[in-house]
Amino acid sequence: MAKSTAHPNIALIKYWGKEDPTLNLPASPSLSLTLSGLKTSTSVRLDPKLKQDVFILNGKKIESPKISTFMNKVRELAECQTFSVIETRNNFPTSAGHASSASGFAALSVACSQEYKLNLNHDQLSRLARIGSGSATRSIDEGLVAWQCGTDKTSFGTSIVSSDQIPLVVLSFTNDKSPKKISSTKAMEIVKKTSPYYDSWIKRSTADFRDALELVKNSDWQNLLALGEANSLGMHAATIAAKPSIIYFSPDSLKLMDQVRKIRAEKKLPIYFSLDAGPNVKVFTLKDKLAAVEKEFKDWDYTLSFPGEGAKLID
Ligand code: ADP
Ligand code: DP6
Ligand code: CO
């Protein structure tokens, strides 16, 4: 049996549009921070007696076409037809905009690589995770991770700053636990097809990525977070404008966004928000401002996340 762990990541510059929906090749490059605190733990065990894979997510056996497609890809690479028992747990809400697909497929890739003896190097592992879920390509790595556009061979994640060099901390709010009604995969399809702002979103996000790399180079963390907040709102603007309109914000998301902006203006604290495809808000700040920031959110349920490590095998 192979066991692994991986952390979700929060994108400062979002992946929100596919060039190729089968290979999950992105229409624009993205940049994310891998998060400690939130975690997926996975085990994979080959069982020659099985007639299909068994997938147990958070203690419940479920059928998942996404997992089946992914496992078929693994078997094709391994030239092995054996099915497996896959058991996995997220210590945070699944399908709620905390990037469970990122940590889920990163952990699964690492465990499958071992159990099916794929012997994958870093780049191959990140490419395999990408096939499961685009954002998973970035959860293979630690710290700040860039994911470039390209072909199946050239599009994968690379850590550009290691965890210990990043002075950031993230409050991962769980203001709404319920699973999203429209998955990220489906939403991206609808937005690409119907949002009048899709093309300009992709153009702008590509430019944001370039600017972000420059800010990282200059260790200009505060402006990086400001750019991240604007990029997240740009993604949601394109999404809200789709037909049918997709709104991931809940009343509490709006409350939190408002509170962040007020605290920034009134208390002069460097705090910024970002939301993925879901209602749960991530609030970024600098580590040395954490105590002051935490005082402002006493009434809320959140998990502290520091820059986290990449996906790995465990005993
Ligand atoms: P999220 O915002 O949580 O990433 P998505 O809509 O992108 O939500 O993806 C949710 C899907 O990710 C689930 O339906 C499931 O297929 C997959 N997933 C979630 N957790 C795991 C896990 N631990 N292992 C494998 N796949 C997972
Ligand atoms: C808003 O990686 O979950 O979190 O590739 O279809 O599985 P699929 O989608 P997914 O999309 C993530 C979208 C996002 C932004 C991001 O993480 O960059
Ligand atoms: Co996801």
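As the structure lists them, so they are numbered: ligands from 1, and atoms in each ligand from 1.
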**Student:** Under 3.5 Å, is there a donor-acceptor pair between the Asn9 and Ser139 side chains?
**Tutor:** yes
**Student:** Compute the shortest N/O to N/O distance between Thr88 and ligand 1 and return yes if it is under 3.5 Å, no if not.
**Tutor:**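 N/O-N/O distance under 3.5 Å: yes.
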**Student:** Report yes or no: do Tyr116 and Ser84 form a side-chain donor-acceptor pair below 3.5 Å?
**Tutor:** yes
**Student:** Are any of the N/O atoms on Lys66, whether in the backbone or the side chain, positioned under 3.5 angstrom from an N/O atom of ligand 1?
**Tutor:** no
**Student:** Please list, in number order, the atoms of ligand 1 under 4.0 Å from a heavy atom of Gly97.
**Tutor:**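 With Gly97 as reference, the close atoms of ligand 1 come out as 2 (O).
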**Student:** Answer yes if the side chains of Thr94 and Ser100 hold a donor-acceptor pair under 3.5 Å, and no otherwise.
**Tutor:**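 No - no donor-acceptor pair under 3.5 Å links their side chains.
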**Student:** Less than 4.0 Å between a side-chain N and a carboxylate O, is that true for Asp123 and Lys153?
**Tutor:** no
**Student:** Considering heavy atoms of the protein only, find what lies nearest to atom 22 (C) of ligand 1 and give residue, atom and distance to 0.1 Å.
**Tutor:**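 Checked against all protein heavy atoms, atom 22 (C) of ligand 1 sits closest to Gly104 CA, 3.4 Å.
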**Student:** Evaluate Ser183 for polar contact with ligand 1, using N/O atom pairs at a separation under 3.5 Å.
**Tutor:** no
**Student:** For ligand 1, does Ala107 get within less than 4.0 Å through its side chain, its backbone, both, or neither, judged by non-hydrogen atoms?
**Tutor:**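 None of Ala107 does.
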**Student:** Would you please test Leu227 and Tyr272 for side chain to side chain contact (heavy atoms under 4.5 Å, CB included) and show each step?
**Tutor:** CA-CA 9 Å; Leu227 179 62; Tyr272 298 87; over 6 Å; no
**Student:** Output the set of protein residues with a heavy-atom contact under 4.0 Å to ligand 2, ordered first by chain identifier and then by residue number.
**Tutor:**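 If the criterion is a heavy atom under 4.0 Å, then ligand 2 touches Ala11, Lys14, Tyr15, Trp16, Lys18, Asn24, Ser101, Ser133, Gly134, Ser135, Arg138, Ser184, Thr185, Met188, Met235, Asp276, Ala277.
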**Student:** Under 4.0 Å from atom 15 (C) of ligand 1, do we find at least one protein heavy atom?
**Tutor:**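 Protein heavy atoms within 4.0 Å of atom 15 (C) of ligand 1 - there are none.
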**Student:** So which bit of Leu108 gets within less than 4.0 Å of ligand 1, heavy atoms only: side chain, backbone, both or neither?
**Tutor:** neither
**Student:** Can you tell me if Lys180 has a non-hydrogen atom under 4.0 Å from ligand 1?
**Tutor:** yes
**Student:** I need the minimum non-hydrogen distance between Gly37 and Ser305, along with the two atoms involved.
**Tutor:**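 So the minimum-distance heavy-atom pair works out to CA-OG, 4.5 Å.
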**Student:** Should Thr94 be listed as contacting ligand 1, given a heavy-atom distance under 4.0 Å as the test?
**Tutor:**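 Heavy atoms of Thr94 do come under 4.0 Å of ligand 1.
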**Student:** Residues two or more places apart in sequence or in another chain: which of them pass salt bridge (Lys or Arg N to Asp or Glu O under 4.0 Å) with Lys282?
**Tutor:**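 So Lys282 forms no salt bridge (Lys or Arg N to Asp or Glu O under 4.0 Å) with any residue.
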**Student:** Are there over 12 heavy-atom neighbours, none belonging to Phe83, within less than 6.0 Å of that residue's CZ?
**Tutor:** yes
**Student:** Among protein heavy atoms, which sits nearest to atom 17 (C) of ligand 1, and what does the distance come to when rounded to 0.1 Å?
**Tutor:** Phe105 CE1, 4.1 Å
**Student:** Suppose we measure from atom 19 (C) of ligand 1 to each protein heavy atom; which comes out shortest, and what is that distance?
**Tutor:**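 Result: Ser100 OG, 3.2 Å.
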**Student:** Are Asp141 and Thr158 close enough that some pair of their side-chain heavy atoms sits under 4.5 Å apart?
**Tutor:**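 Sidechains of Thr158 and Asp141: no contact.
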**Student:** Among all protein heavy atoms, pick out the one at the shortest distance from atom 20 (N) of ligand 1; state its residue, atom name and that distance to 0.1 Å.
**Tutor:**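 Answer, as residue, atom name and distance: Asn90 ND2, 3.1 Å.
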**Student:** Distance alone, cut at 3.5 Å: any donor-acceptor contact between the side chains of Ser159 and Glu142?
**Tutor:** no
**Student:** I need the atoms of ligand 1 closer than 4.0 Å to a non-hydrogen atom of Ala96, numbered in the order shown.
**Tutor:**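 Numbered from 1, ligand 1 contributes 3 (O).
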**Student:** Regarding Lys255 and Asp258, does a basic nitrogen lie under 4.0 Å from an acidic carboxylate oxygen?
**Tutor:**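 Not counted as a salt bridge, because no side-chain N and carboxylate O are separated by less than 4.0 Å.
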**Student:** Examine Ser101 against ligand 1 and note whether any of their N/O atoms are separated by less than 3.5 Å.
**Tutor:** yes
**Student:** Is there a polar contact, in the sense of an N or O pair closer than 3.5 Å, between Arg89 and ligand 1?
**Tutor:**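 Such a contact does not occur with ligand 1.
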**Student:** Output yes if Ser101 passes the N/O/S-under-2.8 Å test against the Co ion (ligand 3); output no otherwise.
**Tutor:** yes
**Student:** Do Asp164 and Ser162 meet the criterion of a side-chain donor-acceptor pair at a distance under 3.5 Å?
**Tutor:** yes
**Student:** Which atoms from ligand 1 have a heavy atom of Ala99 less than 4.0 Å away?
**Tutor:**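 Listed by number with element: 1 (P), 2 (O), 3 (O), 4 (O).
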**Student:** Please confirm whether Gly278 approaches ligand 1 to less than 4.0 Å, judged on its heavy atoms.
**Tutor:** no
**Student:** With a 3.5 Å cut-off and no angle check, do the side chains of Ser274 and Lys14 form a donor-acceptor pair?
**Tutor:** yes
**Student:** Do any nitrogen or oxygen atoms of Thr40 lie less than 3.5 angstrom from nitrogen or oxygen atoms of ligand 1?
**Tutor:** no
**Student:** Using distance alone, with no hydrogens and no angle criterion, decide if Thr137 and Ser126 have a side-chain donor and acceptor under 3.5 Å apart.
**Tutor:** yes
**Student:** For Ser183 and Lys186, indicate whether the former's side chain and the latter's backbone hold a donor-acceptor pair under 3.5 Å.
**Tutor:** yes
**Student:** Taking only Lys NZ, Arg NE, NH1 and NH2, and the carboxylate oxygens of Asp or Glu, determine whether Arg204 and Asp208 approach each other closer than 4.0 Å.
**Tutor:** yes
**Student:** Does ligand 1 have a heavy atom under 4.0 Å from the side chain of Leu57, from its backbone, from both, or from neither?
**Tutor:** side chain
**Student:** Which residue owns the protein heavy atom closest to atom 26 (N) of ligand 1, what's the atom, and how far is it?
**Tutor:** Ile67 CD1, 3.7 Å
**Student:** Specify the protein heavy atom at minimum distance from atom 13 (C) of ligand 1: its residue, its atom name, and the distance to 0.1 Å.
**Tutor:** Ser95 OG, 3.8 Å
**Student:** Using a cut-off of 6.0 Å, state whether more than 12 heavy atoms not belonging to Lys39 lie near its atom NZ.
**Tutor:** no
